[in-house]
Amino acid sequence: MTEAIYYNSWLTKYKKPFGAVPVNEEVTFTLTCECPVVEPVCLFVQKDFGDTFEVKMRSDGNHQYQVTIQLTEGQGLYYYYFKLALKKEDQTKIVYYGNNKRFKGGEGQVYENEHQVKSYQLTSYLYEDPSPKWYREGIAYHIFVDRFNNGNADGTVSNPKKNSFLYGSQEDLPMYIKNKDGEIVRWEFYGGNLKGIIQKLPYLNTLGITILYLSPIFEARSNHKYDTGDFMKIDLMFGDEEIFKELIQKSKELGMHILLDGVFNHSGADSRYFNLFETYEGKGAYQSRDSVYANWYTFKKFPDHFESWWGVKDLPKLDTQHPEVQSFIYEGKNSVIRKWSTLGIGGWRLDVADELSDKVLKGIRSVLDETAPNSVLIGEVWEDVSNKIAYNKRRHYSEGGMLHGAMNYPFREIILGLLKNKTTPKEAAEQWMNLKENYPTEVFKSNFNNIGTHDTKRILTELDRNTSKLKQAMALLFVLPGVPSLYYGDEVGVEGNEDPDNRRMYPWGRENKEIQLFVKKISAIRNKEASLKEGDFYPFSQGELMGIIRLISKEDFVVILFNTANKKTRLETSAIPEQYDFDVFSFLNENQLNHIQIEGDGIVILKKEPNQEITISTI
């Protein structure tokens, strides 16, 4: 009996409009039920952490029940499900229709117990908040500065740190020297610097790179620089402000923008602000209660018991709710954000954005918009940003006026699951559509996609050194919605497990040319095809075949087919179910895309531009 009840949040004949909606928008819900119903059929809606209200649905007399509501409770999340009283003979049975048990949206299911119902998520945002065009259409390259290239003619390391060591060869594998407590006691360096990046700009240009995302460049004791010593000074190992300005200018001449890594949740213990090791003149917060920085940190018991990032004593946590800290980071006339943004950078990636309050994120965004209006603000968030809870608070990153987008680790997990055969193509399509449904459209297009960073295993290592799978991962990175971000060296087959092994030196002169050539090819395709930068997105599956459609119109599109099996297969459109307003089956048939063969672990790309024939090629 309950099989005759149906609702699908991906189809506008059941929910209109699709996906996230602005505040005060009207949303129409339609439920189909071919069973005898005791009136009324009801829609239950709950504002996030708020009250649940019940709305009666009207019948059209033809098995459909419909209601239109207005989201007047403000921005944030709404959750909803349906309640029906079914009549069977002389009995009435109450059932509920909600999200599927995977909580992924689309086609739902019937529940007999209200406490078991999985609700659908509906995101409500303040306004569309598009990222700058240069960013949204760009390709990024993530550089861990110490590990990319030494630009000194004699190869010497600039201004080496005290109590550190230098690798004897750039082919050496990275390692840490730690004490018995697991604390790093000697930092190690290869000697990469800003001058080295300038030297390699022509190479990056051949890759099609338009965005340089740099690991932190400000003065710090470590090689990674997430333990900032002075936010107003570039680390002398990397260069100085004049060299940085030269990098900005030379990048600009090649059409590249620079993203800086903003580490504002914490500083280093060895910093001018905390000054645990008395490296800096003046009194830091650790040294004196009378320090000008005394209010910047939270001490449980002065001086040795203080709040730090995840308990790492080398990273004392800044009290970013304190007005003095906010003034220093973004509000003040000479703030960190203002100083560096006025030099002409493209924007910021905020480290551990979920540890910065919504107020702080809004403040940074507001000052950035004022100081450099064409800039972008990206946050490090590892989960679905539409429903992220951090420190028992729902976050509102994606609802307008805060982040343009986030580092898209959810996409990375889907790609890895798919290519390691832990996730079926059908499941991957569902997971991608779930994110598309949850995110405001502009945020979905502006996420910073990756298949590896300095915090993860190298992609080639993750895929067990399978070059065919690596090519598929690279292709997915470049054709999915969002901005692709290449982690330095991934394009030439650098390997590595977790930190520090994933931070090896770039292998100049020892590159894997096969992988490099493939990345250049897929990068050129993305840079050329407008549909891959701005087009709508429809994933589909057929057995072990994964398909991606990106289209601006039926005259301007790209279709990419991935065979996730190691044996030859063929696209059979008849096996593709109707699941979106966009009819994938008809679209593929109209363009005679049936019966295409794809080799095992292969990729086929089909392109159509206005007034052009479809081209089909294997890449």
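Quick caveat, the model's predicted, so the values are computed rather than measured. Residues: numbered from 1 along the sequence shown. Atom set for the values below is all heavy atoms of this structure, side chains included, hydrogens, waters and symmetry mates excluded.
With respect to the salt-bridge test (charged N to carboxylate O, under 4.0 angstrom), the residues Glu427 and Arg102 do not qualify. Between Lys388 and Glu383 there is a salt bridge, with a side-chain nitrogen of the basic residue lying less than 4.0 Å from a carboxylate oxygen of the acidic one. Between Asp501 and Arg503 there is no salt bridge, since none of the side-chain N atoms of the basic residue sits less than 4.0 Å from a carboxylate O of the acidic one.
For the pair Lys436 and Trp10, the NZ or CZ position fails the cation-pi test of under 6.0 Å to the six-membered ring centre and within 45 degrees of the ring normal. A cation-pi arrangement is present between Arg458 and Tyr488 under the rule of less than 6.0 angstrom and at most 45 degrees off the ring axis. Geometrically, Lys445 does not engage Phe537 in a cation-pi contact defined by less than 6.0 Å to the ring centre and at most 45° from the axis.
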Show me the side-chain donor-acceptor pairs of residues 609-619 shorter than 3.5 Å, one per line, residues at least two apart or across chains.
unit_1 : atom_1 : unit_2 : atom_2 : d
Glu609 : OE2    : Lys528 : NZ     : 2.5

Check residues 581-593 and write down every donor-acceptor pair under 3.5 Å in which the side-chain atom is one partner and the other belongs to a residue at least two apart or another chain.
unit_1 : atom_1 : unit_2 : atom_2 : d
Asp581 : OD1    : Thr12  : N      : 3.1
Asp581 : OD1    : Thr12  : OG1    : 3.3
Asp581 : OD2    : Thr12  : N      : 3.3
Asp581 : OD2    : Thr12  : OG1    : 2.8
Asp583 : OD1    : Phe585 : N      : 3.2
Asp583 : OD1    : Ser586 : N      : 3.1
Asp583 : OD2    : Ser586 : OG     : 2.7
Asn589 : OD1    : Thr573 : OG1    : 2.8
Asn591 : ND2    : Phe587 : O      : 2.8

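Tyr203 and Gln516 share a side-chain donor-acceptor pair at under 3.5 Å. Side-chain contact annotation: Glu491 with Tyr141, donor-acceptor N/O pair under 3.5 Å present.
Legend: residues meeting salt bridge (Lys or Arg N to Asp or Glu O under 4.0 Å) with Glu514, ordered by chain and number and at least two apart, are Lys471.
No more than 12 heavy atoms of other residues, nucleotides or ligands sit less than 6.0 Å from atom NZ of Lys568.
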